[in-house]
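Everything below concerns the one structure shown next.
Numbering of residues begins at 1 and proceeds along the displayed sequence. These numbers were taken from a predicted model, which means no experiment stands behind them.
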Amino acid sequence: MNVIAKSTTLSPFLRATATAVSNGTLPVAATGKVHKPKIAIPPTVKRALQQTIYQDLLVGPTCISSGIAVSTQVQQRRLAHTDIQWPDFSNYRHDETQDPSSKSKDNAPSRKGFSYLVAAGGSVATVYGAKVLVHDLAGLLSASADVLAMSKVEIKLESIPEGKSAVFKWRGKPLFVRHRSQSEIATEASVDVATLRDPEEDSIRVKDPKWLVVLGVCTHLGCVPIANAGEFGGYYCPCHGSHYDASGRIRKGPAPLNLEVPPYEFTEDNLLVVG
């Protein structure tokens, strides 16, 4: 062994393995076994408390520390209510309420009065603005002055002879004004209403039996009938052959309804106002 150690560079290391240090037990025997000292390993520390995060928020976190040279310690910190820092709202409070010693009830009416005044002023301004908006909108959508002037027409009845029908223009539509004779009045009054397509009494269609006022628009397709024509002596529409009597009622042809009677009134004996 020594010969081999001298012949190599490993002799210092091999020589060190040949000697042993006594540990107070058994000397190193010729058996060649080396006894190593045992190192004490501390047991694994496990957390004994099964504590949730919600419990940590209530009672505080649990701190566990352990080590080789440090004894295991379990510390639990409890959060006191005195640790909570309340927010400061002094910047948002009125000056008269900053002092806690003052009676806030004495100042409450003045604060409420100011709030009521602001709310009332805002409400009045809102209502006035809405009124102006509605008024302007109604004026914008309403008819102009020239349209309103055309909404009514005045007719002198003395210019229409008996038995004739005159044509006027009212709201862009032809207007028939007929001066009926006594024979026409008697004929139309004796018609059986049950035989008519659009049953209507002659007395309902006229305010004065001598005057018939109707719109010259055929109720079939909107054509303009011819006055004093047709099989019944009233009005005739040549477009599709609709015949009306002297009361403006449909008697024959495809028209479904009688001629329309517009609103009118007699202001004087010889003046008719339509509209």
Side-chain angles (χ1 to χ4, degrees), residues 135 137-275:
H135 184 270
L137 184 61
L140 180 63
L141 298 178
S142 61
S144 58
D146 55 346
V147 175
L148 293 176
M150 295 176 59
S151 62
K152 291 186 178 182
V153 60
E154 295 182 354
I155 301 172
K156 293 183 178 181
L157 300 177
E158 60 185 8
S159 61
I160 304 174
E162 184 177 353
K164 299 297 181 178
S165 178
V167 181
F168 302 91
K169 185 177 181 181
W170 177 71
R171 295 183 181 180
K173 300 178 182 180
L175 178 68
F176 293 162
V177 179
R178 186 186 186 94
H179 189 178
R180 301 192 302 182
S181 61
Q182 294 295 330
S183 60
E184 291 177 340
I185 296 174
T187 302
E188 302 304 331
S190 62
V191 174
D192 186 8
V193 180
T195 60
L196 300 178
R197 181 179 302 171
D198 186 11
E200 195 172 11
E201 294 284 348
D202 179 68
S203 59
I204 299 176
R205 295 180 56 82
V206 295
K207 294 182 179 181
D208 187 347
K210 294 188 301 181
W211 299 100
L212 173 67
V213 182
V214 292
L215 292 180
V217 179
C218 181
T219 57
H220 180 219
L221 292 178
C223 303
V224 179
I226 300 174
N228 298 324
E231 297 182 5
F232 299 90
Y235 303 92
Y236 171 69
C237 181
C239 297
H240 300 91
S242 297
H243 297 262
Y244 300 88
D245 59 13
S247 183
R249 296 174 295 190
I250 182 64
R251 304 293 294 272
K252 183 179 179 181
L257 301 174
N258 302 330
L259 294 179
E260 182 182 355
V261 178
Y264 66 93
E265 61 182 359
F266 298 97
T267 58
E268 297 177 3
D269 294 339
N270 295 323
L271 187 62
L272 172 66
V273 180
V274 181

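Each of V213, V224, L215 was evaluated against F176; a single residue qualifies, V224, per the side chain to side chain contact (heavy atoms under 4.5 Å, CB included) test. Screening T187, L212, D208 against R180 for a side chain to side chain contact (heavy atoms under 4.5 Å, CB included) leaves a single residue, L212.
Scanning both residues, F266 and L272, for their nearest heavy atoms gives CE2-CD1, 3.8 Å. Contact record, V217 with P225: N-CD, 4.1 Å, taken as the closest heavy-atom pair.
Sequence neighbours left out, the pairs with a member in residues 189-200 that pass salt bridge (Lys or Arg N to Asp or Glu O under 4.0 Å) are E200-R205. Sorted by first and then second residue, the salt bridge (Lys or Arg N to Asp or Glu O under 4.0 Å) pairs with a member in residues 226-239 read E231-K252; sequence neighbours excluded.
Checking side-chain atoms of Y235 against main-chain N and O of G216 turns up no donor-acceptor pair under 3.5 Å. Between the side chain of R178 and the backbone N or O of A227, no donor-acceptor pair lies under 3.5 Å.
Separation of atoms NE2 (H243) and SG (C237) is listed at 9.5 Å; rounding is to 0.5 Å. Of the inter-residue distances, the one linking C218 atom SG with E260 atom CD reads 13.0 Å to the nearest 0.5 angstrom. Interatomic distance, CD of E188 versus CZ of F232, reported as 10.0 Å (0.5 Å rounding). Taking CD1 from I185 and OG from S247, the interatomic distance works out to 10.5 Å, rounded to the nearest 0.5 Å. Between L259 atom CG and R249 atom CZ the span is 11.5 Å, to the nearest 0.5 Å.
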Expected list for residues 155-167: side-chain donor-acceptor pairs under 3.5 angstrom, two or more places apart:
unit_1	atom_1	unit_2	atom_2	d
S159	OG	K156	O	2.8

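Residues C239 and L221 have side chains not in contact (no heavy-atom distance under 4.5 Å, counting atoms from C-beta outward). No side-chain heavy atom of V153 sits less than 4.5 Å from a side-chain heavy atom of R171. Looking at P256 and I250, their side chains never come closer than 4.5 Å, going by heavy atoms from C-beta outward. Under the 4.5 Å side-chain criterion, counting only non-hydrogen atoms from C-beta, R251 is not in contact with Y244.
Heavy atoms of other residues, nucleotides or ligands lying less than 6.0 angstrom from NZ of K173 number 12 at most.
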